[in-house]
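Structure first, commentary second.
Residue numbering restarts at 1 for every chain, and letters A, B, ... go by the order of the sequence lines.
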Amino acid sequence: MTELLHVILSCATAFGVVYAATPLLARFLESRGMTVPDGHKRKKIMVAMPGGPALIAGVIASELVLYMFAPSVMILSVLITTVAAFAIGLADDRRSMSGWFKPVALAAAAVPILLLGAYDTDLAFPIFGDVHIPVLYVGLVIFMIIITGNTANSIDVLNGVLSGFMGIAGLVLAVCLVIVNNYEVAAAALPLAAVSFAYYKYHRLQSRIFPGDSGALTLGAMYGALAIVGGVEVIAAVIILPAILNSFLFLSSTRRIVEFRKTPVPVVMTDEEDVRLRSTNDRLAPVTLVRLILAAGPLSESQVARRIFCLGLFSGALGIITAAMTGANP
Amino acid sequence: MKIYLFLAAMWGLIIMGGGIAVLVLGPISVSGLGEYDRVAGSALQAAAALLLVVLWIFILARVKNYVFRSDVRWDKT
């Protein structure tokens, strides 16, 4: 019962801090002229960026609450990795780096998990059981943070999509951790959902603030770190399959690691009065999840976002099935 | 609908890939090299894992081309 109160307090802290800090941060950024144009609007609408500092404040506050009541190396490693990823994102927000910067820097962000030893060297698969890969697992830890950080960044395409999608993913991940009997990491995963949903209020259409790379990498790296310390790497990958699909489509069409903003736009606006989005005819533009969704015909921005959330719920259901198939840890 | 189908295919490939990983990677061990047994075993595991990932991506790319061939056209050169 006491532990449950700690979890509730942690989630309330996460939600409250982000809910209160985000509008203040948006006003501050606007007053400093730190705004960018919203790309999918006919009128020029300037939106504050980055919102990462509000998200990281919520993550730090909530995880510290948990750590205060139950000190754990797992919580500590998740926190340090997330803060490192935030710093990398913030550097990229301030000065756009090359396409290779983030993967290489995110590899360094994974190091605290290794140094603190907050991982198990067995990789759990559904049905077939565990495979013991002591040395190979070190590479997997680094790979996981790079993948989750960048896939979260790649899904930040329309108003509200990143925060809504990561909110769903964080919640489902917590449920899966409960299914495999890892309550400690489940408690640490809930603040990810809480900060995402609190941020969604300001990020959804019409956005008041964009998360930027600092926000996207914060959420993505935290998700990856939770998956590693919770020993649910495969389940976590299943939950974010739509985001992985997006990255896979992008990389298989561009065939190189390049910043999304440096490629031809895959989605364009219609000429209608009520602007909708449609897939471009430019054969050089990368294939993305949004472009595939729009292949059937033009949709409004909010309709596309809803379809991505539905895909997130579908992959979340697959994640829960995978967790049930994997079974509880003894 | 096709995207849901493709996600389900990705999921199936992950489950099958997991099975292969457990059956292939798990039993790999090297003996007879003394203190280098562990390193050699891990290197073999890494090579096998890399091969499995490449195979997974290859199959996924084929499935993707099949499922989405009529939806989006892009320059593959």
Side-chain angles (χ1 to χ4, degrees), chain A residues 122-140 143 233-235 237-238 241-242 244-246 248-249 251-255 264 266 279-289 291-296 307-308 310-312 314-315 317-319 321-322 325-326, chain B residues 1-30 36-54 56-65 67-77:
Chain A
D122 287 355
L123 187 60
F125 284 102
I127 305 172
F128 299 97
D130 297 359
V131 58
H132 185 61
I133 44 171
V135 178
L136 190 58
Y137 197 88
V138 172
L140 184 76
F143 188 68
E233 303 84 354
V234 176
I235 297 166
V238 171
L241 272 182
I244 293 174
L245 169 63
N246 187 47
F248 174 73
L249 291 168
L251 285 172
S252 66
S253 55
T254 59
R255 302 203 167 183
S279 175
T280 180
N281 295 322
D282 185 348
R283 291 171 74 98
L284 291 174
V287 182
T288 62
L289 184 61
R291 196 174 167 194
L292 274 188
I293 289 170
L294 292 170
R307 293 200 181 190
I308 293 174
C310 287
L311 289 170
F314 177 70
S315 61
L318 291 179
I321 294 169
T322 311
M325 285 160 65
T326 304
Chain B
M1 199 62 205
K2 282 181 181 176
I3 303 175
Y4 288 95
L5 190 74
F6 191 70
L7 288 179
M10 283 175 90
W11 182 63
L13 278 171
I14 288 175
I15 304 288
M16 280 194 290
I20 295 169
V22 171
L23 296 175
V24 174
L25 295 183
I28 290 178
S29 65
V30 173
Y36 299 108
D37 281 356
R38 195 158 168 260
V39 177
S42 294
L44 266 179
Q45 278 187 333
L50 211 62
L51 201 68
L52 285 174
V53 170
V54 169
W56 192 82
I57 291 172
F58 178 78
I59 295 170
L60 202 62
R62 296 281 153 195
V63 177
K64 176 205 74 180
N65 290 342
V67 173
F68 300 122
R69 67 189 183 284
S70 60
D71 290 328
V72 178
R73 303 205 176 280
W74 72 95
D75 195 336
K76 294 179 188 174
T77 55

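- Between A:Phe314 and B:Tyr4, the angle of the ring planes goes over 60°, which puts this pair in the perpendicular group of the 30/60° scheme.
- When the options A:Val135, A:Val131, A:Asp130 are evaluated for a side chain to side chain contact (heavy atoms under 4.5 Å, CB included) with A:Ile133, the one that passes is A:Val131.
- Only the side chain of A:Phe125 comes within contact range of chain B, judged by heavy atoms closer than 4.5 Å.
- Residues satisfying the side chain to side chain donor-acceptor pair (under 3.5 Å) criterion with B:Asp37, sequence neighbours excluded, are absent altogether.
- A:Leu123 does not touch chain B: none of its heavy atoms, backbone or side chain, sits under 4.5 Å away.
- Residue contact with chain A, scored on non-hydrogen atoms closer than 4.5 Å, involves the backbone and the side chain of B:Ala46 alike.
- The parts of B:Ile57 that come within reach of chain A are both its backbone and its side chain, each placing non-hydrogen atoms under 4.5 angstrom from that chain.
- For B:Trp56, there are no side chain to side chain donor-acceptor pair (under 3.5 Å) partners two or more places apart in sequence or in a different chain.
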